[in-house]
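First up is the structure itself, then whatever we jot down about it.
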Amino acid sequence: MQDKNKLTGTPVSRIDGIAKVTGKAAYSTDYPVKNLAYAVLFKSTIAAGTIRSIDTAAAEKAPGVLAIITHQNAPKLNVDGGIRGGALLQSPEIEFHGQHIGLVVAETFEQARHAAHLISVTYDRRDPKADFEKLMKNASVPKDKDKADAKRGDVKAALREAEIKVEAVYETPIEHHHPLEPHATIAEWTGDRVTLYNSSQIVNGAQTAAAKTLNIKPEQVRIVTPYIGGGFGSKGGQWANLVLTAVAARQVNRPVKLALTRQQMVNSVGLRQRNHQKVSLAATKDGKLTALAHETTTHGAIKNEFIEPCGDCSKIMYDVPNSLITYRIVPMNVILPTYTRGPGKSTGSFALESAMDELAHTLKMDPIELRLKNEPERDPSNGKPWSSRTTVQCLQVGAKAFGWDRRKPEPRQNQQGNYLIGYGVACGTYPAHQRPTSAIVKLKRTGNDVMATVELAAADLGTGTYTILAQTAADALGLPLSQVKVVIGDSDLPPAAGAVGSVGASSYANAVNDACQKITDELLARSGKQFFARPTASQLMLSEKLTDFQTRIDAKPLESAEEYSAHSFNANFAEVAVNRFTGMVRVNRFLAVTGAGAILNPKTARSQIIGGNIWGIGMALTEESVVDPRWGNFVTRSFADYHVPANLDIGEMEAIFIREDDQKANRMGIKGIGEVGIVGVAAAVANAIFNATGKRVRELPITPDKLL
Amino acid sequence: MRPFTYTRAKDPAAATQALAGNPTARFLAGGTNLIDLMKEDVERPTALVDITNLSLAEIKPITAGASKGGLSIGGLGKNTEAANHPLVRQHYPLLSQAILAGASGQIRNMATNGGNLLQRTRCPYFYEVSMPCNKREPGSGCGALEGINRLHAIFGWSEKCVAVYPSDMAIALAALDAVVRVRTASGQERSIPFADFHRLPGNTPEQDTNLAHGELITAIDLPQNRFADRSYYLKVRDRASYAFALLSVAAALEVSETGNRIVQARIAMGGVAHKPWRALTAEKMLIGQEATPANFKRAADAEMAAAKPLEHNKFKVELGNRSIVLALQMALNGGKA
Ligand SMILES: Cc1cc2nc3c(=O)[nH]c(=O)nc-3n(C[C@H](O)[C@H](O)[C@H](O)COP(=O)(O)OP(=O)(O)OC[C@H]3O[C@@H](n4cnc5c(N)ncnc54)[C@H](O)[C@@H]3O)c2cc1C
Ligand code: SF4
């Protein structure tokens, strides 16, 4: 793809950048809808039980109050309509602390918030199931068939007969997505059709879920979400706040705005679940793996399961004849867990890649060499050939660029003043898929100017979708970037895949490219001429003197893609400095080398990767949502308590991409980079900490107290 | 947040009078703590008296009285200005470091020196109104005592409250023996030695300080000292900036001109108690001793022997020990490792 004359593959700055920094880009709550009323949620103060009474008398009398909606007067909604996490005000049952129990609608936000304080609720309280350490013992086989035990060979025997064995348990805490833009909605009814301005990573998914839950037709719901202030999975599925805003707007017969507070985010829009992962590795003395078992125990919500696939990396990363991947789950009084950046892979790789580091140390072998020795030729989980696999290159290129040869093989050998220095490495992977996506391309000629508009119900999380689609269309149509307009984030546009699971770029860009090829073909056919070299659509618009022309495509993934196993791969390198008195850790340098197919825009791609890396560093060192097991509440409800990395936590960040032309995965060879950037990061940091201090911390986050 | 009235005081007398008549009125300074707590429904004042217009922001040398030769810092000066003032940097670098270790640039630009001293605990049970908390609602119980108390006290706590006091600035002020100057509701001036300003929780955790309702902090006086070359503020935290201290140590040493002998030592700790914790045991042990790592360690051991950790904060005992040693070492070396 990196053609000199092409825009794709070049570091174009985000075309929506100026609109964003000047405040012109309208996010969900920025729409100047007239006659708005404001809604505020009120939430349960217990984690398990039943509401006995809700006294709204004082609140109803408070100034400005228009409506108070609780389970006692809410309209009947379809609780199986696709809204995640319940809390739709359909019953008095409480399943988690901070469950929505009602909504106050008032003339102003302040009035609504004030009235919410005047409501008093009584409960019949039950002891919550909130102590994962205790609950874990009752975990059982999940209902989800995808999470059934996956066995190859005989792991037990291989472990029994192993020359070398590593067995350890790795713990990861509950984390929250906490996008900068909290979830927010404006609902506006016109007749029996509702427009929902609402951040949604899956535009059509939000439309369907809202319609089904509200018991109306999808055509009666329009989702508008041109800009999204981050989502990380929490805006993939939709939550009660979306539908409750529509309910409130219908009730008061006015448009209504509902924005969650940061504190409300911890129990409104999902979370990354707590995982207890046991990894067992068996190997020969020269470092050939003979068995790998990855057994995860986790929790769901009370009624529904969600399991992030922690064993996924272990399925495909290494060539090992005997393998076992299992999941066990127990219900817990928390909001339903959900997809969170690098679902399963980020947490699972922490366990697997820490264990590999432990094995390398036991074997007195370089951890890179150990990985090279166990490189699989095909996907071990299904025997399919790789569409391409870059692990070896990532490791080799990374080792050289990072100065891996300066690493001391034994821990605690590198002290500089009050600091112990250590190097760590860990690999990662994420599957690459393309999903069906439709797109319309419109061409308009005015004089000698041709302008293109590309339309599809895609979503841009703030990562550069607008820009890469403009680059793709500009190349495919023979136009400069400034002549291409990208219109996305609206369910009235042709249906598209979600910006989830790293499928966005490949699904959208392939669809746009296909649409541009199709429009060129149609223009060619229409001209009835023969050309020596294929002209561009823009040239044809001029030569044929057309003023308007458009086409639509329903792009599908390659059928042949099924024959291959397609994944992005990476190798992460971390250098840490640990204060030997206080245990404070700083990641001085971090390098991610990634093979993710065609890189449409190295600038936005780099931001994606280092963004993932930084979250991974947060996962390793600072981020944790803590539940008080007595009451099931989170004690970490704001950014003062839930520590995402601050600027000062981050040292030198470097991202290198391995050049790949993987047309087996999809026509444009795009693999997606949204998730892979966080995979393997926590392990690289933890391994570096071991190399620095000789302490193996198997419980994230690695806060100073764990290193004393 | 509940409805409240807002007025702006034109002078200190008007400010104190406005509060004197209304037990639920509050001064509003930078608002970085008070407004947050109002949004969470923790603080519910009925009236806010904005004091930011009072001319009490000056930083000036003290030319008379008990603190003569020292420096006076206005109660309504901004944290940023105090930290960056040349006289503070030159004579009280410990204070400058402590302020800069706290919050973020934006917050320090809003936060005032008086407001900083009166910021309330960060105990999560205090912040969430559905939880029991004796400090917020006397008699409701202490959520942290048997709860998630990793961040809580190891010294001086009571069954009623195990919270820690969060300010960084105040830890340096405690080490520097600052004096808080106050204007009372009746218009009198009074001075409160720093050690007597904040309280241990005892049976009344709802009372953070010995300031009476309606008393206005007009200034903080710093007595002259000989610590400027040998002081250090060490803050241990879960991330490198914008996090409250797990534990902090403000250390200052005066050593003999001839040798390495300690003439005076000051050690105050943050993140360990309901008030800035002066490590008096350690200080006493150091006087007259040589400034060596072994002596620092002996002093730290003696101080930390009295610690009473809770279920989740046992690490603070070892961390406190190491931090005292490191802070003293850094102070001795003029802030360099
Ligand atoms: C996210 C975050 C992180 C922070 N991190 C840190 C940190 O790491 N370290 C740290 O030390 N601090 C930290 N802070 C706290 C910050 O330093 C305080 O909020 C600030 O110093 C308070 O000052 P203010 O002027 O805004 O006080 P306000 O919020 O205006 O007032 C606080 C209280 O003091 C009273 N008051 C104010 N001025 C006077 C006066 N002159 N006389 C009498 N009463 C008065 C008010 O009535 C109120 O009760 C953080 C704050 C936030 C929001
Ligand atoms: S420690 Fe103090 S502030 Fe925290 S819950 Fe207990 S009483 Fe409240």
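So you know, we letter chains A, B, ... as the sequences are listed, proteins then strands, and number each from 1.
- Heavy-atom distances place the side chain of Val626(A), and not its backbone, under 4.5 Å from chain B.
- When only modelled atom types and interatomic distance are considered, Tyr233(B) and Ser248(B) share a side-chain donor-acceptor pair under 3.5 Å.
- Contacts of Val585(A) with chain B are absent, with no heavy-atom separation under 4.5 Å from either backbone or side chain.
- Ranked by heavy-atom pairs under 4.5 Å with chain A, the list Gly143(B), Pro124(B), Ala240(B), Ser323(B) is led by Ala240(B).
- With a 4.5 angstrom heavy-atom cutoff, Gln329(B) does not touch chain A via any of its atoms.
- Ion pairing of Asp705(A) with Arg150(B) is present here, as a side-chain N (NZ or NE/NH1/NH2) and a carboxylate O approach within less than 4.0 Å.
- Contact annotation for Arg637(A): only side-chain heavy atoms (C-beta onward) come within less than 4.5 Å of a heavy atom of chain B.
- Interface remark: Pro629(A) contributes side-chain atoms only to the contact with chain B (heavy atom separation under 4.5 Å).
- There is no contact between Ile650(A) and chain B, counting heavy-atom distances below 4.5 Å.
- The most heavy-atom pairs under 4.5 Å with chain A, out of Arg2(B), Lys39(B), Lys314(B), come from Arg2(B).
- With salt bridges taken as basic N to acidic carboxylate O contacts below 4.0 Å, none links Glu171(A) and Arg698(A).
- With salt bridges taken as basic N to acidic carboxylate O contacts below 4.0 Å, one links Asp208(B) and Arg120(B).
- Ranked by heavy-atom pairs shorter than 4.5 Å toward chain B, the options Thr45(A), Val635(A), Thr261(A) are led by Val635(A).
- No part of Tyr419(A) comes within reach of chain B, as not one of its non-hydrogen atoms sits under 4.5 angstrom from that chain.
- Residue contact with chain A, scored on non-hydrogen atoms closer than 4.5 Å, involves the side chain of Leu246(B) exclusively.
- Looking only at side-chain heavy atoms (C-beta outward), Glu107(A) and Tyr38(A) stay at 4.5 Å or farther from each other.
- Aromatic rings of Phe132(A) and His299(A) (six-membered ring for Trp) have centroids within the 6.0 Å cut-off, being under it.
- Side-chain contact check for Gln119(B) and Asn116(B): at least one donor-acceptor pair (N or O, by modelled atom type) lies under 3.5 Å.
- Although no hydrogens or angles enter the test, the distance criterion places no donor-acceptor pair under 3.5 Å between the side chain of Tyr232(B) and the main chain of Leu328(B).
- By the 4.5 Å heavy-atom criterion applied to side chains, Ile324(B) and Ile267(B) are counted as neighbours.
- Ring pair His152(B)/Tyr125(B) is tilted by interplanar angle, where 30° to 60° counts as tilted.
- Of the residues considered (Glu110(A), His114(A), Lys706(A)), His114(A) shows the highest number of contacts with chain B, using heavy-atom pairs under 4.5 Å.
- When Arg237(B), Glu318(B), Arg239(B), Arg322(B) are compared by the number of non-hydrogen pairs under 4.5 Å with chain A, Arg239(B) comes out ahead.
- Interface summary for chain B: among Gln111(A), His117(A), Arg113(A), the most heavy-atom pairs under 4.5 angstrom belong to His117(A).
- In this structure, chain A has a heavy atom under 4.5 Å from the side chain of Pro132(B), while its backbone stays farther away.
- Using a 4.5 Å cut-off between heavy atoms, Gln263(A) touches chain B through its side chain atoms alone.
- Top candidate by heavy-atom pairs under 4.5 Å with chain B, chosen from Thr703(A), Asn647(A), Asp628(A), is Asp628(A).
- Between the side chain of Asn134(B) and the backbone N or O of Gly141(B) there is at least one donor-acceptor pair closer than 3.5 Å.
- Put simply, of Cys123(B), Ser241(B), Ser104(B), the one with the most heavy-atom pairs under 4.5 Å next to chain A is Ser241(B).
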